[in-house]
Amino acid sequence: MMRNTSPITRGLQLLGLSSLLLLSACERPPIDSVQHGYRGTGMVQVYNPRLLEEKTAENQVPKALDAASAEGPKAGQVYQNVKVLGDLSVGEFNRLMVAMTNWVSPAEGCTYCHNPANFAEDSKYTKTVARRMVQMTQHINADWKQHVAATGVTCYTCHRGEPVPKAVWFKSDPQPYGSNFIGDKAGQNSPADSVGLASLPNDPFTPFLLESKEIRVNGTTALPSGNRQSIKQAEWTYGLMEHMSSSLGVNCTYCHNTRSFSSWEGGPPQRVTAWHGIRMARDLNKDYMEPLTDTFPANRKGETGDVAKLNCATCHQGAYKPLNGASMLKDHPELGSLPAAAAPAAAAPLTPANVATAAAAVAPAPAQAKP
């Protein structure tokens with residue numbers, strides 16, 4: 001027997017279903033807030049303890065390998081084709097190689113970068129990339145202390161046990177359908193995770209983390225006297241701010257003061273750190289990532305043929321500080337400064353047997369926790 005339903009009932013059912021679908025996109029409770037400014041100013045950070053617990057678990061550091069002796073011959077004197085880290089002792093060098101394998105390619109092992117028949121040769125592109133990434137890590141720790149401070153970074157900061165970091169970006173085609181009457185879409189109305197699925201330009205990285213376009217769009221006077229920034233430029237800036245907020249798991253007042261977002265006066269010190277971070281990302285993308293374009297194979301490039309690049313999420317991965325501020329650099333000081341010129345290579349090649357011997361001399365690393 002068919003049951004008749006009144007129009008009002010059907011309307012209420014439809015309203016309830018619509019509300020359920022709408023709320024499914026919202027973050028469910030509980031929600032907590034922490035005050036970090038004067039009362040009544042709105043200077044608070046909003047957290048979800050349930051999600052914070054998950055992020056804390058994902059940002060644990062692996063146990064460090066036992067330290068190796070600095071005594072004995074240098075790696076650059078014993079092994080062939082050692083272009084970086086040649087100033088380390090053989091023990092220190094092999095310890096770092098084992099650590100890097102655990103940090104970057106625990107499933108693939110040493111052969112992710114090395115030819116097992118001849119460890120010294122550079123036939124695999126991954127070895128060329130890894131060598132440059134070591135230099136980049138040393139550059140960050142030596143020259144970008146305004147952002148990373150003494151905590152520093154290691155390969156694990158970004159890789160977390162994966163050959164390719166979880167959060168990288170490529171250039172996008174802002175208007176893939178060609179010219180039409182709507183003009184330049186600028187990647188708008190094509191929701192992407194990079195801007196929180198909003199209708200903002202979905203590539204806020206190219207203009208600010210690769211190029212050096214002006215981020216500040218606020219005028220300093222009541223009337224537009226000399227400020228030629230457009231609404232679209234403001235939306236690009238907002239897209240970058242959205243990315244930074246979600247990458248660190250914080251809201252706007254982590255860096256800005258509620259009295260005036262554009263004013264540096266009275267703002268939290270984190271804003272200065274973020275300012276340096278933007279310029280650090282730009283430096284690394286331009287001087288370390290883009291020059292590797294010809295090194296990477298086609299299957300590792302984006303739709304426009306560019307290489308993967310880094311942004312705030314590459315290191316932070318949802319934490320206010322990468323790995324919640326834990327330092328792995330203290331256990332690997334060789335990654336903390338730019339080395340002197342390596343000693344000339346001698347005849348003995350780097351072989352699987354040498355690495356196996358070194359691996360047996362240090363405690364094995366625990367299984368890597370994957371985010």
Side-chain angles (χ1 to χ4, degrees), residues 27 34 36 44-48 50-61 136-137 140 144 146-149 151-162 164-172 187 191-198 200-211 213 215 235-256 261 267-285 288-289 302 308-326 328 369-371:
E27 187 177 300
V34 177
H36 69 107
V44 296
Q45 286 298 299
V46 179
Y47 297 102
N48 186 318
R50 173 176 51 84
L51 299 180
L52 191 61
E53 185 176 343
E54 294 175 6
K55 286 298 178 184
T56 300
E58 292 173 358
N59 279 275
Q60 299 301 307
V61 300
M136 184 179 78
T137 302
I140 293 170
W144 284 103
Q146 306 100 318
H147 187 69
V148 302
T151 305
V153 298
T154 67
C155 313
Y156 187 78
T157 307
C158 299
H159 283 268
R160 314 286 177 100
E162 299 289 348
V164 181
K166 179 181 179 181
V168 294
W169 66 276
F170 300 92
K171 294 177 184 177
S172 62
D193 290 335
S194 56
V195 289
L197 302 179
L200 300 166
N202 59 20
D203 178 14
F205 311 126
T206 298
F208 305 128
L209 302 186
L210 185 61
E211 301 170 0
K213 296 291 178 62
I215 298 174
E235 289 173 332
W236 248 306
T237 292
Y238 194 86
L240 178 66
M241 297 298 104
E242 167 64 31
H243 160 72
M244 296 178 74
S245 175
S246 59
S247 297
L248 276 66
V250 297
N251 46 279
C252 305
T253 56
Y254 186 70
C255 291
H256 296 274
F261 270 37
Q270 294 91 304
R271 185 174 178 184
V272 177
T273 305
W275 187 92
H276 288 292
I278 290 170
R279 283 143 186 85
M280 182 188 77
R282 189 183 298 158
D283 168 47
L284 303 181
N285 286 328
Y288 288 87
M289 299 311 303
K309 290 171 285 295
L310 58 92
N311 55 27
C312 306
T314 310
C315 290
H316 284 269
Q317 300 193 26
Y320 77 111
K321 290 183 178 180
L323 300 171
N324 286 324
M328 295 175 65
K370 297 182 179 180

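All values derive from a computational prediction rather than experimental measurement.
Between A274 and M244, the closest heavy-atom pair is CB-CE, 3.8 Å.
Using modelled atom types, one side-chain atom of T56 and one backbone atom of L52 make a donor-acceptor pair closer than 3.5 Å. Panel note: side chain H147, backbone T273; a donor-acceptor pair is recorded below 3.5 Å. Looking at N285, its side chain does come within 3.5 Å of a backbone N or O of L310 through a donor-acceptor pair. Looking only at distances, a side-chain donor or acceptor of T237 sits under 3.5 Å from a matching main-chain atom of I215. Distance alone, capped at 3.5 Å, is enough to place a donor-acceptor pair between the T314 side chain and the A167 backbone. In terms of modelled atom types and a separation under 3.5 Å, the side chain of Q45 and the main chain of N251 share a donor-acceptor contact. Distance alone, capped at 3.5 Å, is enough to place a donor-acceptor pair between the Q317 side chain and the C158 backbone. The backbone N or O of N202 lies less than 3.5 Å from a partner atom in the side chain of S194, making a donor-acceptor pair. Side-chain N or O atoms of W236 include one that pairs as donor or acceptor with a backbone N or O of D203 at under 3.5 Å.
In this structure, CZ on F208 lies 11.0 Å from CZ on R279, to the nearest 0.5 angstrom. Interatomic distance, NE2 of H243 versus CE of M241, reported as 9.5 Å (0.5 Å rounding). Atom-to-atom distance recorded for M136:CE and I140:CD1 is 4.5 Å, nearest 0.5 angstrom. The NZ atom of K321 sits 6.0 Å away from the OG1 atom of T151 when rounded to the nearest 0.5 Å. S247 contributes atom OG, which lies 9.0 Å from atom CG of L240 (distance to the nearest 0.5 angstrom). L284 contributes atom CG, which lies 9.0 Å from atom OG1 of T137 (distance to the nearest 0.5 angstrom).
By the 30° and 60° cut-offs, the orientation of the rings of W169 relative to F205 is tilted.
No hydrogens or angles considered: nothing links the side chains of E211 and T206 as a donor-acceptor pair under 3.5 Å.
For the pair Q270/L248, no side-chain contact is recorded, criterion being any heavy-atom separation below 4.5 Å from C-beta on. Side-chain contact between M289 and L210: absent, with no pair of heavy atoms (C-beta onward) separated by less than 4.5 Å.
The environment of F170 atom CZ is dense: over 12 non-hydrogen atoms of other residues, nucleotides or ligands sit within 6.0 angstrom. Crowding of N324 atom CG: a count of heavy atoms from other residues, nucleotides or ligands under 6.0 Å exceeding 12.
Partner of L323 under the side chain to side chain contact (heavy atoms under 4.5 Å, CB included) criterion, chosen from H316, R160, Q60: R160.
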